[in-house]
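In what follows, every chain begins at residue 1, and chains take the letters A, B, ... in the order their sequences are listed. The figures that follow rest on heavy atoms only: side chains count, while hydrogens, waters and symmetry mates do not. Nothing here was measured: the structure is a model prediction, and the numbers come from that model.
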Amino acid sequence: MAEGIIQVGPLGTVTATVLLGIVAVLAAAFDGAVGARLQGRRTLSGAAAPVWEGARLLRQRRRTIVAADSLLWRIGVVGLLVVALLKVAVVPLGAWTVADLSVGVVWFNAMDVMVWALVWLVGWGANSAHALIGGYRFLAQALSYELPLMFALTGPAIAAGSLRVGDVVAAQDELWFVVWMPVAFLVFCAGVVAFSVWGPFGAAAGKDIAGGVLAELSGVDRLLLLAGRYALLSAGAGFAVALFLGGGSGPFAPSWVWTLVKTLAVLAALVGVRRLLPVVRPDRLAEVAWIVVLPAVLLQLLLVSFVVVQ
Amino acid sequence: MDLTSAVARLAARRPHVLVVEVPGWGPTRMTAERELRHRGWVQANSPAEADIMLTCGVAGREFSEIVDRVWDQLPGPRVRIGATDPDQVSGVLDESRRALLDGTVQRVDAEARTAVAGDVPHDPDHGDAGHGDMDHGDMGHEGMDHDGMDMPMPGGIGLAEGGTDRDGLDLDVLHVSLGPVLPHWPAGLVVRCSLQGDVVTGAAVEVLPAAGWGPDRARDGAGLMRGTVRLRSAQYCDQVAGLLALLDFERLSMRAIRLRDSVLDDAPIETVTAEVERLGERLRRSRVLRWSVQDLPGVLEGLMALLDGVRTALLGEIAADTAAPLRSPAAEAERLEQIPGLITGLDVAGARLVIASLGLDTAVVAPEGSDHG
């Protein structure tokens with residue numbers, strides 16, 4: 001067990017779940033507020049959007065589609081939220097963590113590979129052409145983002161000499177990893193946006209295919225999937241803080257406050273990027289990901305390895 | 001009961017509206033979009049997402065049948081409304097919100113649907129008839145009847161046939177109709193595609209006509225020239241916004257939409273042309289935009305041409321004080337015929353961008369029952 005890290009009991013798990021929910025709702029509210037400003041309406045009316053949308057989807061009926069693969073479809077729908085929760089389990093909040101795994105970094109990576117299957121199932125299960133195309137697009141996109149993301153995760157692990165998230169945080173006592181691993185940090189953030197099917201990497205849920213994987217979802221199914229996307233963004237932001245931004249370190253306030261503040265700041269940036277950039281078609285992304293991003297991240301690793309050996 | 005109505009009231013604060021445009025009713029649709037934005041309502045991307053379906057215009061026979069089928073896909077609580085004039089939009093939206101909140105109306109609708117679904121023979125494997133919705137997704141099944149009726153048919157839907165793909169490999173062919181109810185899509189256009197994966201391997205194009213001439217064409221006949229020039233300009237602007245929306249370039253598409261609304265609001269020509277210049281400059285400078293459509297010949301050029309159309313249509317107003325000529329039906333038909341050649345070999349995303357960049361005006365297609373048709 002890492003020094004100074006306390007593994008919390010069952011009550012802590014519940015707290016982590018509630019906290020993830022709150023952070024995800026804040027992310028949705030922020031997105032609503034930005035959208036309202038862009039459309040020239042009052043910011044506050046946009047910030048309340050998650051409440052209204054939640055009520056709307058709870059009131060809406062679910063759909064039964066002819067020849068749909070309902071079981072797989074619903075596994076995909078619920079899965080994103082579950083995966084986000086499993087990710088948060090290894091993210092320390094100050095000194096507390098739900099599961100202080102010795103392979104925490106690998107655990108996070110394993111969970112984001114699960115997203116491949118889940119988004120595909122949502123696209124496949126609905127027996128709808130648009131949703132299926134959304135599923136194809138996600139897999140094509142995943143081929144581009146997953147390897148750079150994996151290597152970006154490796155950087156902090158090499159520098160800390162451990163796969164335990166607590167050790168990675170402790171290793172940043174003197175200098176945050178973001179300072180000398182900026183490329184890995186940016187690639188990791190892009191990876192988070194990509195596995196959350198969000199903004200520039202949201203082609204799988206694109207407007208041009210009537211919402212893609214979202215096209216056939218209504219009611220509580222849709223609510224779960226949208227919540228899952230925000231939860232994935234939140235979990236990713238939290239993990240970025242632990243890996244690159246020194247976890248809970250900071251002056252004056254207790255460490256759990258710092259973890260939350262930093263997480264919300266990263267999350268705001270991830271959510272905001274949606275309005276700034278156009279969606280990247282997966283076939284365009286592949287070229288950049290393999291020719292530019294992957295070598296860049298490998299060079300970053302080389303640099304990290306040199307520093308560590310020195 | 002109180003909790004139910006409280007949730008309903010919260011839910012009705014931000015309903016999602018599926019807007020269906022019939023060729024010729026562009027102005028009504030644009031007014032509807034603006035009204036939705038002012039109210040903070042959301043434009044739905046698909047029937048599954050929508051609470052309200054708004055049909056702008058009077059659809060012809062075939063189009064109405066499709067709209068009926070789309071209506072069946074709304075999950076409910078749901079409300080169906082229509083508008084044939086921009087002035088009606090605000091009123092019918094108010095009314096639709098009331099109907100959405102009316103528990104009795106919604107219960108009657110839900111029970112009627114359940115009863116209908118109960119009569120339909122149901123595949124035992126998918127037999128929760130209690131749900132009532134018999135949705136066929138967004139797939140058009142017209143193209144899916146084949147001779148081999150002995151094939152396994154899950155849910156009564158035939159399986160995809162095989163075919164040789166562009167690399168010579170054997171791959172399933174799926175027949176999918178794009179349109180007519182699709183966001184940011186030319187009104188009434190249907191492109192029946194053969195898809196392998198998400199690559200278009202063949203396409204046929206058709207426009208589903210209205211039941212009569214739309215108001216913009218009718219006004220043209222009535223001599224409201226000034227309005228028509230403004231409408232032409234706004235239409236170009238709307239197509240710019242639509243193409244940017246397909247790219248999910250929200251900041252810029254919102255700018256184009258505001259410009260469109262200011263054109264419709266009779267903003268001074270100098271203001272409009274200045275904003276066209278600024279937006280054009282912004283688009284030309286955007287490397288992300290250039291890069292993302294680089295592999296699709298003609299899309300960026302088409303976008304710039306559409307933006308230029310906003311200005312030239314308005315300048316026509318100063319120069320001659322006559323209406324910019326409507327495109328001739330023959331020219332428009334020729335452009336429609338080009339579509340299959342342009343999109344075959346592209347994926348759906350590319351095909352949609354290419355079609356959007358053409359700036360089609362389906363409103364000139366003659367309506368059902370007219371002499372031209």
- If you measure from OG on B/Ser292 to CG on A/Leu285, what distance do you get to the nearest 0.5 Å? 12.0 Å
- Query: Looking at B/Asp51, B/Val7, B/Val348, B/Leu289, which has the largest count of heavy-atom pairs under 4.5 Å with chain A?
  - Reply: B/Asp51
- Task: Name the region of B/Arg255, side chain, backbone, both or neither, that has any atom closer than 4.5 Å to a heavy atom of chain A.
- Result: neither
- Whatever's closer than 4.5 Å to a heavy atom in chain A on B/Leu195 counts as side chain
Contacts under 3.5 angstrom, residues 243-251 of chain B side chains, donor-acceptor by atom type, not counting sequence neighbours:
from, atom 1, to, atom 2, distance (Å)
B/Asp248, OD1, A/Lys207, NZ, 3.3
B/Glu250, OE1, A/Arg275, NH1, 3.0
B/Glu250, OE2, A/Arg275, NH1, 2.5

- At a heavy-atom separation under 4.5 Å, does B/Ala351 approach chain A through its side chain, its backbone, both, or neither? neither
- Task: Without swapping roles, check the side chain of A/Arg284 against the backbone of B/Trp291 for a donor-acceptor pair under 3.5 Å.
- Result: yes
- Please look at B/Leu178 and chain A and tell me whether the side chain, the backbone, both or neither of the residue comes under 4.5 angstrom of a heavy atom of that chain. side chain
- Message: I need the B/Gln73 CD to A/Ser128 OG distance, nearest 0.5 Å.
- Response: 8.5 Å
- For the candidates B/Leu252, B/Asp295, B/Val181, which exhibits the highest count of non-hydrogen atom pairs separated by less than 4.5 Å from chain A? B/Asp295
- Message: Given heavy-atom pairs under 4.5 angstrom as the criterion, report whether the side chain, backbone, both or neither of B/His16 touches chain A.
- Response: both
- Message: I'd like to know if the side chain of B/Arg13 reaches the main chain of A/Trp52, judged simply by a donor and an acceptor atom lying under 3.5 Å from each other, with no hydrogens or angles considered.
- Response: no
- Query: So what's closer than 4.5 Å to chain B heavy atoms on A/Leu57: side chain, backbone, both or neither?
  - Reply: neither
- Note on the structure: Cut-off 4.5 Å, heavy atoms of chain B, and the answer for A/Arg42 is neither
- Turns out that what part of B/Arg37 lies under 4.5 Å from chain A's heavy atoms comes down to both
